Structures are given as structure tokens and as C-alpha cells.
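Computed from a prediction, not measured in an experiment: that's the story for all the values here.
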Amino acid sequence: MNLSVGLAQVARRAPGNPAILWDGGRLSYGAFEDQAARIAGALIRRHGLQPGARIGMAMENCPEFLPVLYGIWRAGMTAIPMNAKLHPREIGWILENAGAPLCIVTPKLADALGGLAGLPPVIATGTADHAALLAGEPVTRVAGAPAGPAWIFYTSGTTGRPKGAVLTHRNLTAMALAYMADVDGVGPEDIRLHAAPMSHGSGIYALPFVMMGAQNLTIDGFEPETVFGILARHRKVSFFAAPTMVTRLLNHPAAGAADTSGLKTLCFGGAPMYLADLERALALFGPRLYQLYGQGEAPMTITHVTKSVHADTAHPRRTDILGSAGFPRTAVEVAVMDADWNELPPGEAGEICTRSDCVMAGYLDNPEANAAALRDGWLRTGDVGVMDPLGFFTLKDRSKDLIISGGANIYPREVEEVLLRDPAVLEAAVVGRPHPDWGEEVVAFVVARPGARTEEAALDRLCLDHLARFKRPKAYRFVAGLPKNNYGKVLKTALREILSGEARP
């Protein structure tokens, strides 16, 4: 079923219920449905586009995002949401790669894209062209199979050009149902706060809330003061945050006195959450944290650590589980496999693979990447991990980040966890540097907390107290910050490039 049908059903039974909220305004489900239907009509009749067309969306978080998304789906077309923080040339490359005949943007993006040659027509929200979209002849029904493409998610491209993961209506429906099975039940009184980019996980998590007639609250940009204010004013608020966003909340001066009673669920994922930060978050927010592990190719839905597991302080393996990626999601298979797709036994490290209705249809026009990543419904995640006999999975690292020194495997996250035990350390990232005798050696990039300082000798002692000697960093780089992509993931490729430009000591 086309996902826009769910919007029509909610609008029919509860047209006056609030659907989209923002600072100073709200849109009812009846108005949301009307806008989506009219956008669909304008795409077909005014712009002459055919079902199957791929429409770019370069939009900051705003109340217009969801009507545009559902309007594209109502027209039988495919949405390509792109992070608004991408460079204009990156946006241009994606639009060209996808063959998009049109791109809908927010005003700041229109200005940034204005001087770029070769772009398809661009429509900015708040303009006469956008008003014409909202004046189209409504499309109330759409033909479309569940296997049809709905959303093309372009990977972050940290090791080359991004690839377009094609997510179908069935993929996203399965994701929405898994949310309600595993994370929370959703009703009209629930609010999904969009503090992270709606082009990414936050926007995908809007879908179960629309499906159930709940409310979506959009804010432009993540600021801890704004989030704390919303949690104090509203009830039953859920939101998605990358770990870097969670630590910003924890480190904010208002954190200790903030009223967080309006929080229902804080879903976090997209990068490791270190145990020290997780314990601080549980102390601040209470048992309302839900950890998810997923990726664009299997949106938000591979493994999880539920709120109840976070709250179970008596579990004998609690620390191990909280430091893991958790257990397989509902109706999701997860296995650790070797390079030949053979399943490995518990305790043996290999590549995490998953199979479910959430797994993408494939990468857009990329048969070579599809052959490497997909087989018999299984998806290779690119993450190295192990399965515990109890059934939970622990990620070691991205396969490309594994360090092999003297023939021994060293997983950077294990070293990073130890470095973060130093109360003066805010962030740490560990990478391998080529070594003529050992193959690679460990180098740590360390960011100190504001006003604090640490020394190499102290970190060395810490590592030697908790790790085998061969795993400890052979060099430290104390830096003001770590390079990150637009989703908050540390760019270890950039760190390795920094080392490659240095003369060996």
C-alpha cells in the first residue's frame, strides 16, 4: 500500500486533529491531507511528471516537509530527501545521479543552490511556485504496489560517492510497524519532536506517527534550551537523537534542573553511545531511553536495547547489554557471517548481516554494490560484531576501521571506551597508522572537556590498567574537535588523512 493512503484514512476519521505543530502554528489532519493531495495534483498536471519520477527534497526541518513528502507519494513518485547541511555541489550530484526532474527546497537552500549550473528546476517553500503546488487539483487515490520505491536514502559517502538506497513502501511500512511493536504504542496524543534532520532518521520516524494520527512537532535546528523547553511544556514527547546530541543535552548548564517530565521516549542511535554517557543520560531522563541499531539500507531496524532493559538494574549482564547493540528487532533476522556468507557461532567476530522486510530493494543503478551487499534477502552492514550466547550483538567497529597490528585485531571502540573513563576526556577517536614492522599501530585523537586537561602519561596508565599492552595507543593527538559528517559520525577517514600527512617520529 502507498504510504499516503494512511494519511487519507486518518484525515477521513479525524480531520480536526492536530497533525503538524511548529512554533506559532499547527496544521490539522484535514489540512495536511488537502495539501498533500494538491501537491500531488500539481506535480502531475502543472509540472507534467509521471508516476515513478524521483523528486529531490533539500529542506531544513519545517512544517512544509511532511506535506511535500506525502504529496510526492500521493503522485506515485519517489522522494529523495537530502540533508540540508550538504554542500550545494553534493546536492547537485545526488540530483543528477537520481535523474531528478525537480527539487523542492527551503529558502536558504534555494539561495545556496542559485549559482549552481545543471540543476533541475528548484521550487522554494514560501514562493509563488510553492503556492502553485498547494493550488493543484487534488489527487485522492493513487495506484501503487507495496514494492514500489518510496524514499531513496543516499548514504553519507565517507569513503567515496554516496550510494542511493532504494526504500520501498513495504520497507517503510515494516519499519513503522516495528516501531510500534518494539519502541512504543502511538496514539493521537503522542508527539514526535523533530530535533534531528527530517531528511534522515527523524523524518522516517514521522511515519508511524502519521499512520496512527499522532502529532509531529518540527523545530529548525537542535538547541538544548529549545528541547528542554518543549519537554517542560508538552506531554508524551518522543524524539530521535544522535549520541552527540544527547551529550550536548547532558553537558548543558540547565540539564540538572531541567523539567523532563514531558519525555516519553528518547531514541538514540547512528553512532556508539559510550557507557559513561549512557549512565549520565539515564540519571537525567530516567528509564525513557531506547537504543536502536540500523542504517539507511535497513532503516532504523536491525537490533535494539529497549527501555525496559535499560531500566533493569538487577540484570546480571546489564553492563554488557547496555554496551552492545542489543537484540534483534521484531520480525528481523540478524547473524554474524564470514566473507563467504557463512554464519559464525556465538563469540566469533564477523560481519553483522540482517534480513527482514525493512531491507532495501537495492542501491540505485549500482549492480556491483548490490552484488557485494545483498544475497538471498540478507544485507551486509559493513559492521564487525559478535553474537553473545544470550542472543545480543556487540559491534566492534566498521570493518574498514579495524586495526590489525602484528597480526592481532584491535577494535577502536574498545580503546575509545577506556579513554573515556578519564573524566577530563570529552571525546576520543582511535585509528590505525601504517607501521613498517607491525602493519599498523594505534593512534588516539582526544578532545578534552572545557576547562579540563589530561596528559598522555595518564591516558597510557588508564589503558594499561584496562587493556592488553598491544592495544594501547602508541601516539596521542590532543585536538579541539573531531571531524564529523552531517549526521554527527566521526570521519575516521579524515583522521587517517591527517596522519598520512605527518612525518613519522
Side-chain angles (χ1 to χ4, degrees), residues 43 47 49-50 52-62 64-65 68-69 72 77-125 129 149-168 171 196-204 242 270 295-299 360-374 382 398 400 483-497:
L43 290 174
H47 293 278
L49 301 177
Q50 299 297 314
R54 301 164 187 154
I55 310 300
M57 295 176 64
M59 302 176 73
E60 297 153 303
N61 286 10
C62 60
E64 293 87 358
F65 185 95
V68 168
L69 179 66
I72 291 169
M77 301 174 189
T78 306
I80 312 170
M82 296 169 283
N83 194 305
K85 293 181 180 178
L86 290 177
H87 189 283
R89 285 190 173 84
E90 293 177 293
I91 292 174
W93 184 89
I94 290 173
L95 294 172
E96 180 182 5
N97 182 259
L102 185 70
C103 185
I104 302 172
V105 305
T106 39
K108 289 180 186 176
L109 273 296
D111 294 339
L113 293 170
L116 205 61
L119 285 181
V122 170
I123 294 177
T125 57
D129 286 335
W151 182 311
I152 301 179
F153 173 78
Y154 274 82
T155 61
S156 52
T158 57
T159 58
R161 288 292 194 183
K163 301 185 290 290
V166 179
L167 304 176
T168 67
N171 291 151
M198 296 179 74
S199 57
H200 199 55
S202 189
I204 284 177
Q295 54 186 202
E297 293 87 341
M360 66 173 180
Y363 292 114
L364 180 66
D365 300 330
N366 198 333
E368 183 178 343
N370 289 335
L374 298 167
R398 293 292 293 174
K400 65 179 181 296
K484 295 171 183 170
N485 69 8
N486 291 312
Y487 304 120
K489 293 183 181 179
V490 175
L491 296 173
K492 293 194 172 180
T493 50
L495 297 179
R496 286 189 283 266
E497 288 172 5

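Closest approach of Thr155 and Pro162 over heavy atoms only: O-CB, 2.8 Å. Considering all non-hydrogen atoms of both residues, Arg54 and Pro101 come closest at O-CD, 3.0 Å. Heavy atoms only, all atoms of each residue included: Gly56 and Met82 are closest at CA-CE, 4.1 Å. Smallest separation of non-hydrogen atoms from Thr106 and Cys62: CG2-SG, 3.7 Å.
Between Val490 and Leu495, the closest side-chain pair of non-hydrogen atoms falls below 4.5 Å. Side-chain contact check for Leu102 versus Pro120: every heavy-atom pair is 4.5 Å or farther apart. Residues Met360 and Leu167 have side chains in contact (heavy-atom distance under 4.5 Å, counting atoms from C-beta outward). Counting only heavy atoms from C-beta outward, the side chains of Asn83 and Tyr154 never approach each other to under 4.5 Å. At least one side-chain heavy atom of Tyr363 sits less than 4.5 Å from a side-chain heavy atom of Glu297. Between Asn171 and Thr168 the shortest side-chain heavy-atom distance falls below 4.5 Å.
Annotation: the span from Asn370 atom CG to Lys163 atom NZ amounts to 9.5 Å, rounded to 0.5 Å. Ile123 CD1 to Leu43 CG: the interatomic distance, rounded to the nearest 0.5 Å, is 7.5 Å. Between Met77 atom CE and Gln50 atom CD the span is 7.0 Å, to the nearest 0.5 Å. Between the CD1 atom in Ile80 and the CD1 atom in Ile104 there is a gap of 11.0 Å [rounded to 0.5 Å]. Here the straight-line distance linking atom CG of Leu95 with atom CG of Leu116 works out to 9.0 Å at 0.5 Å rounding. Taken from CG in Leu109 to CD1 in Ile91, the straight-line distance is 5.0 Å, to the nearest 0.5 Å.
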Residues Glu64, Thr125; criterion side chain to side chain donor-acceptor pair (under 3.5 Å); working and verdict: CA-CA 7 Å; Glu64 293 87 358; Thr125 57; 4.8 Å; no
Intermediate values then yes/no, side chain to side chain contact (heavy atoms under 4.5 Å, CB included), Leu69 and Met198: CA-CA 11 Å; Leu69 179 66; Met198 296 179 74; over 6 Å; no
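No donor-acceptor distance shorter than 3.5 angstrom exists from the side chain of His47 to the backbone of Leu49, with no hydrogens or angles considered.
Note on ring orientation: taking the six-membered ring where Trp is involved, the planes of Phe65 and Trp151 are tilted (angle from 30° to 60°).
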